[in-house]
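Quick notes on the structure that follows.
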Amino acid sequence: MVERNADVAKMGRNYLFHEIAKRKKALLEKEPGTRLINLGIGDTTEPIPPSVVEAMREAASRLGSKKTYTGYGETHGKWLLREKISEVIYNSKVSPDEIFISDGAKCDVGRMQLLFSRNVPVALQDPVYPAYMGASVLSGKTGGAQDGGSYEGIHYLPCTPENGFTPDVTTLPPGTLLYLCSPNNPTGTVLTRDQLTRLVHFARENRCFLLFDSAYAAFIQSEELPRSIYEIEGAQEVAIETSSFSKRIGFTGVRLGWSVVPHKLTFADGSSVWKDWSTLTSTLFNEASNIAQAGGIAALEKEGLASQRKLIAFYLENARLLREALSPLPCYGGEHAPFLWLPLRSKSSWETFETLLEKAKIVTTPGVGFGPSGEGFIRISAFASRSDIHKASTLLQHILLQKADVEVFKNREQQRT
Ligand code: MLT
């Protein structure tokens, strides 16, 4: 028999969203016909705008004619799409050549681990999107799981209301790979320009790398807040940015993303990260779907961008309605991100998840699934229809806004301030 990969065995419990799907399925088996409101996984619900659908339809039609059929494309993605991303998203601060088109940010996060030696220390904002931890464990950068679901060898940097959701990096060893996600999944908070500048300086002084995930950048409503790490001087020497069309234009099922690997970025031995990423992607990946890329190009044209703004305004209005409904409670996020991060009074986050599932038929995400510091919180996603948001607001109010809870929270907030 062939030996099992010991790093996969370390993963233990299912990936967070599979665990949630399992629990939803169990409830539906127990209570068939129940309609659940999904405020759990951040999956877009509004249709893809017409100009983008039309571009994909045309691309599909071209594949059906002998004259216009094309097979394999350009390995790192269509040049036109790379140019558009460079201009529209990065204001030409990065060149099209530094942009690698992919099938989504999550896939790139996984592949990217192959760039780094197994000995590279990994640091994560805690809580954060679980795929970063999963990719680090699977690529052998950690020891076994410890109590509480954390892994030996990973530096968990608590991001809590007490520290303004900013990771304290001062104790990290030189040469650390630090994942940053802003706007943050799950807390919905955004790193300010000052905070991000300090992190870039730290990385430069300590020869660390930043893997910056900007999948939710299009939700940022203020010009003061950075949408990309490359808005920070000197970031091109220490940061890779990965991003996606999923949440900005409804491509969670279509699959299209990109990573920016600047030419200036080098490993400890002085060799080029760009060259290794180019080798890796051309070995393991054959360009993103040409239909999806046609949609991506349309999404960045005038009409697509106007539709994108409407979609984002719709989800942010959902978030505002949820915040308003829960307003006696302190609630984080939801202003520049489609996620709300809600502190709980006493129950564990899985217990609250179960209560909301059983009593209100609402699926949320338990905070602890995003890291040890997520215990005591639940994440509520604003990706839903307006009618589901109205229904959920009433149900959540009923269950979460008990008088005692509100008093406890008011006292806790007073102590904090
Ligand atoms: C989430 O809900 O955290 C995300 O939708 C998951 C993902 O993007 O893979």
Side-chain angles (χ1 to χ4, degrees), residues 4 8-48 103-107 109-110 127-135 137-138 145 148-150 185-186 188 215 244 246-247 250-255 315 318-319 322 338-342 344 347-372 374-400:
R4 185 182 186 193
V8 181
K10 282 184 203 160
M11 284 291 284
R13 191 188 228 175
N14 268 332
Y15 182 65
L16 175 64
F17 294 106
H18 291 167
E19 179 66 32
I20 291 175
K22 247 173 55 188
R23 292 183 187 219
K24 269 166 60 178
K25 191 163 165 253
L27 182 113
L28 292 174
E29 275 165 13
K30 204 169 73 181
E31 300 175 30
T34 302
R35 189 181 169 276
L36 297 175
I37 298 180
N38 181 24
L39 308 183
I41 189 163
D43 194 4
T44 44
T45 53
E46 293 301 294
I48 296 171
D103 49 350
K106 186 180 186 179
C107 313
V109 161
V128 85
Y129 181 40
Y132 313 145
M133 185 186 76
V137 174
L138 290 173
S150 54
N185 176 9
S244 161
S246 288
K247 313 294 160 100
F251 270 23
T252 48
V254 174
R255 308 305 306 150
Y315 293 125
N318 280 354
L322 286 165
F339 297 123
L340 271 65
W341 189 238
L342 196 73
L344 306 169
K347 285 188 186 153
S348 81
S349 54
W350 274 113
E351 271 171 11
T352 306
F353 167 88
E354 288 292 349
T355 305
L356 292 172
L357 187 62
E358 290 274 335
K359 291 202 182 150
K361 312 301 175 212
I362 297 178
V363 185
T364 54
T365 311
V368 74
F370 297 98
E375 185 52 298
F377 292 83
I378 50 165
R379 189 191 77 174
I380 301 177
S381 156
F383 290 114
S385 67
R386 188 57 50 79
S387 63
D388 273 359
I389 292 291
H390 285 305
K391 274 187 220 142
S393 297
T394 312
L395 291 163
L396 288 169
Q397 269 180 333
H398 188 66
I399 294 183
L400 296 173

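- Every residue two or more places apart in sequence or in another chain that forms a side-chain contact (heavy atoms from CB on, under 4.5 Å) with Ser381 is listed here: Phe339, Phe383.
- For Tyr315, the side-chain hydrogen bond (donor to acceptor under 3.5 Å, both in side chains) criterion is met by no residue, not counting sequence neighbours.
- Summarising the geometry of Pro366 relative to Ile378, their closest heavy-atom pair is CA-CG2, 4.2 Å, with the distance given to 0.1 Å.
- For the pair Val8 and Leu138, the minimum side-chain heavy-atom distance is below 4.5 Å.
- Residues that satisfy the side-chain contact (heavy atoms from CB on, under 4.5 Å) test with Arg4, not counting sequence neighbours, are Ala9.
- Each salt bridge (Lys or Arg N to Asp or Glu O under 4.0 Å) pair with one or both residues in residues 378-387, not counting sequence neighbours, would appear here, but there are none.
- When every heavy atom of Ile380 is checked against every heavy atom of Thr364, the shortest pair comes out as CG1-CG2, 4.3 Å.
- From Ile389, atom CD1 reaches atom CG of Leu322 across 4.0 Å, with rounding to the nearest 0.5 Å.
- Shortest non-hydrogen contact noted between Gly367 and Trp341 is CA-CH2, 3.4 Å.
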(message) Go through it in stages, so that I can follow the logic: the residues are Asn318 and Asp388, the test is side-chain contact (heavy atoms from CB on, under 4.5 Å), and I'd like the CA-CA distance, side-chain angles, deciding distance and then a yes or no.
(response) CA-CA 10 Å; Asn318 280 354; Asp388 273 359; over 6 Å; no
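- Under the side-chain hydrogen bond (donor to acceptor under 3.5 Å, both in side chains) criterion, Asp103 pairs with Arg111, not counting sequence neighbours.
- Between Pro186 and Phe377, every side-chain heavy-atom pair lies at or beyond the 4.5 Å cut-off.
- Taking the side-chain hydrogen bond (donor to acceptor under 3.5 Å, both in side chains) definition, one finds that Glu358 meets it with Lys30, sequence neighbours left out.
- Applying the ring-ring contact (aromatic ring centres under 6.0 Å, His included) criterion to Phe370, with sequence neighbours excluded, gives no partner residue.
- Among residues two or more places apart in sequence or in another chain, the side-chain contact (heavy atoms from CB on, under 4.5 Å) test is passed with Leu36 by Lys24, Leu27, Leu28, Thr34, Leu357, Lys361, Val363.
- Residues passing the side-chain hydrogen bond (donor to acceptor under 3.5 Å, both in side chains) test with Glu354, sequence neighbours excluded: Arg23.
- The side-chain contact (heavy atoms from CB on, under 4.5 Å) test applied to Ser246 returns Ser244, Thr252, Arg255, not counting sequence neighbours.
- Under the 4.5 Å side-chain criterion, counting only non-hydrogen atoms from C-beta, Glu19 is in contact with Trp350.
- For Lys247 against Gly42, the heavy-atom pair with the smallest separation is NZ-O, 3.0 Å.
- Of all heavy-atom pairs between Leu39 and Ala392, the closest is CD1-CB, 3.7 Å.
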